[in-house]
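Just so it is clear, the model here is predicted, and its values are computed rather than measured.
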Amino acid sequence: MKTFWRWLIGIVALIGLALALKAGLVAFAGYVILGVLLLSRFLAKSWITNLEAEREVPEGEREIGDTVSVEVKLTNTGKVPIGWLLFEDMLPEFAFKARPARISIKGGRIKVLFIPAGKTKTVKYKMTFNARGYYQIGPSFAETGDVFGLHRRHRILTEPKFVLVLPKIVPLAKYQFASERPIGEIRLANRLFEDPTRTAGVRPYQVGDPLQRVHWRATARTGQLHCRVFEPTSLAGATILVDFFDKGYDKNREPYRSDLAVTTACSLAYAVSLLNQQVGFASNGRDAAERIKEEASEKLDEPEQGFTNREEARENFEALDQNDRLRPVVVPTRRGFDQFQQIRESLARLELTDGMTFPRLIVEVAPRLPKDATVIAVLPAVPVDSAIALGQLRRQGFAISAVLISIADNDKPVAAGRLMAEGIRDVRFIQTEQELINLGEKTQAGPSTYDFAVTLA
């Protein structure tokens, strides 16, 4: 805008000087330049204001490896053809900066187009999701101007869409995170079920016993119906605490370690849900959906702005800045068919943050944790304050297990020692997704050559 007025003042001054000096050719040249300036301004404004866009993205949750097709229809509603248009459908830069990339693109989402009057052009491309996350697609950005390059106009055309990609589930071969408290130590909030894999004996048949309880060998031997009696299970569900404090995750090993922590937590929640036990989740990370809703909505509510380039528009609308988070992400521990899905969706949107430490997380959620559920802490590291916080939970009557994610071999003894000093003896180590299959198997202490999955006894 300032440049336009400078040109206009300069041309008017030139014409005035030419008329004063009676220089007809100079005045004529001034008129021509003035006409070109005004025409250029009219074309640039007409092209950008007569442009409409509509994006089509399949809705619903996605799995890792899924591909979606994105279409953006650009329509010129004016009576003047748009001579040129630089179009970009913006995507989050972090998804491309990661190695390997979290999103793969096939097709052109950045194009230069000519759109005749009243016609529509379609931009198509495909996205393949290589990792879990909450991805923002858009907004669409358009840049155009006159044929002489005197004026440039920039505009945000569409609001963004969002796609939730769920984390991977690795089925555990076994689940042995059972609470080992003595009977009667605490009053259980939920009645414990019998374990059908552990037979305690037989008894005479009683009216109402299901047929699957009948012990056919004892029945044939005695001539009377007998039923099995099972030992009560010591499993009372689990509350999974995930430490997503960013200082615990080495940037050189990201996003591998954080994704491994999420996959571990998701696999544990899935195993507990299959046993029809209560399950819950809490983390000191931040919810990407909440963060984008707070930041992007404020910026999208602002009137259209005169951006000078695409980088300025990206900074204003991408909404990827770090912000402090003081509230944990929590899915309360309870039974229910939708519990696991809620936990999985929360894990999909989880992001690293520096807003809350792990000890602070424990202080926030401890009053809401049921004591009859095992607390499983998924940790990238074990600083002294985190070990002390878990030790305090144990002294309050909670059964504690710890799963340490991709910790260097030299740090494993120190981490396990800090937890053992607080009375936490169930410590397991995970280095790769392949080791998750055997995560639920409780083994005695003793490192192997590759996988250091142990339980300290």
Side-chain angles (χ1 to χ4, degrees), residues 92-99 102 131-136 162 164-165 167 239-266 281-299 314-331 343 345-366 368 375-393 402-408 411 414-415 418-419 430:
E93 286 189 348
F94 77 89
F96 300 101
K97 289 181 178 180
R99 291 293 178 268
R102 303 179 74 83
R132 61 98 196 175
Y134 190 67
Y135 297 103
Q136 177 178 328
F162 301 93
L164 180 65
V165 181
T239 302
I240 303 169
L241 305 182
V242 180
D243 183 5
F244 246 49
F245 192 62
D246 60 359
K247 292 184 180 179
Y249 293 85
D250 186 357
K251 293 183 178 179
N252 295 328
R253 303 174 66 187
E254 279 302 300
Y256 171 77
R257 291 186 71 204
S258 58
D259 284 346
L260 180 58
V262 167
T263 303
T264 301
C266 188
F281 159 76
S283 176
N284 55 350
R286 62 179 177 180
D287 191 317
E290 184 177 323
R291 184 261 303 170
I292 291 177
K293 184 183 298 184
E294 292 176 354
E295 296 181 358
S297 62
E298 294 177 358
K299 295 174 181 179
R314 184 185 300 280
E315 291 176 359
N316 193 73
F317 281 89
E318 202 164 36
L320 293 177
D321 295 334
Q322 293 283 336
N323 67 327
D324 292 339
R325 177 171 186 84
L326 299 178
R327 293 178 298 172
V329 178
V330 178
V331 178
I343 293 174
E345 291 174 0
S346 297
L347 286 168
R349 299 191 300 265
L350 201 64
E351 296 179 341
L352 296 175
T353 182
D354 58 358
M356 177 180 290
T357 62
F358 188 69
R360 179 63 180 172
L361 169 68
I362 292 178
V363 172
E364 291 285 337
V365 302
R368 292 175 279 176
V375 173
I376 304 178
V378 180
L379 308 171
V382 187
V384 175
D385 55 352
S386 295
I388 294 175
L390 288 173
Q392 290 175 346
L393 272 185
V403 179
L404 307 186
I405 302 299
S406 190
I407 292 183
D411 297 332
V414 176
R418 289 174 178 173
L419 292 171
I430 290 296

Requested in this report: Could you tell me which non-hydrogen atom of L350 sits nearest to which non-hydrogen atom of S283, and how far apart they are?
Outcome: CD2-OG, 3.5 Å

Query - Nearest-0.5 Å distance that lies between atom CG in D243 and atom OH in Y249 - result: 5.5 Å

Query raised in the report: Looking at side-chain heavy atoms only, is the closest gap between D411 and L404 below 4.5 Å?
Result: no

Query - Closest heavy-atom pair and its distance - A265, I240 - result: O-CD1, 3.5 Å

Query raised in the report: Say you draw a straight line from CZ of F162 to CZ of R349; how long is it, rounded to the nearest 0.5 Å?
Result: 12.0 Å

Query raised in the report: Are any of the side-chain heavy atoms of L241 and T239 separated by less than 4.5 Å?
Result: yes

Query raised in the report: CG/D354 to CZ/F245 distance, rounded to the nearest 0.5 angstrom?
Result: 6.0 Å

Query - E254 side chain reached by L352 side chain, heavy atoms, under 4.5 Å - result: yes

Query - Shortest non-hydrogen contact between V242 and N284, atoms and distance - result: O-OD1, 3.3 Å

Query raised in the report: Hey, what do you get for OG1 (T357) to CG (D385), rounding to the nearest 0.5 Å?
Result: 6.5 Å

Requested in this report: Please report the shortest heavy-atom distance between D259 and A131, naming the atom on each side.
Outcome: OD2-CB, 4.2 Å

Query raised in the report: Is there a side-chain contact between F281 and V329, using heavy atoms and a 4.5 Å cut-off?
Result: yes

Query raised in the report: Who passes side-chain contact (heavy atoms from CB on, under 4.5 Å) against P167, sequence neighbours left out?
Result: R132, V262, C266, R344, L347, A348

Requested in this report: Sort out for me which residue in T263, V403, V378 forms a side-chain contact (heavy atoms from CB on, under 4.5 Å) with I430.
Outcome: V403

Query raised in the report: Any donor and acceptor pair, going by atom type alone, linking the side chain of S406 with main-chain N or O of R257 inside 3.5 Å?
Result: no

Report summary line: Interatomic distance, CZ@R327 vs CG@D287, rounded to 0.5 Å, equals 10.0 Å

Report summary line: Scanning both residues in full, the closest heavy-atom pair of F358 with A377 reads CZ-CB, 4.1 Å

Query raised in the report: Excluding sequence neighbours, so at least two apart, what forms ring-ring contact (aromatic ring centres under 6.0 Å, His included) with Y135?
Result: F129

Query raised in the report: Hey, does the side chain of R102 reach the backbone of G133 with a donor-acceptor pair shorter than 3.5 angstrom?
Result: no

Query raised in the report: Roughly how far apart are L164 CG and Y134 OH, rounded to 0.5 Å?
Result: 7.0 Å

Requested in this report: Identify the two heavy atoms, one from R368 and one from P328, that lie closest to each other, and give their separation to 0.1 Å.
Outcome: NH2-CG, 4.4 Å

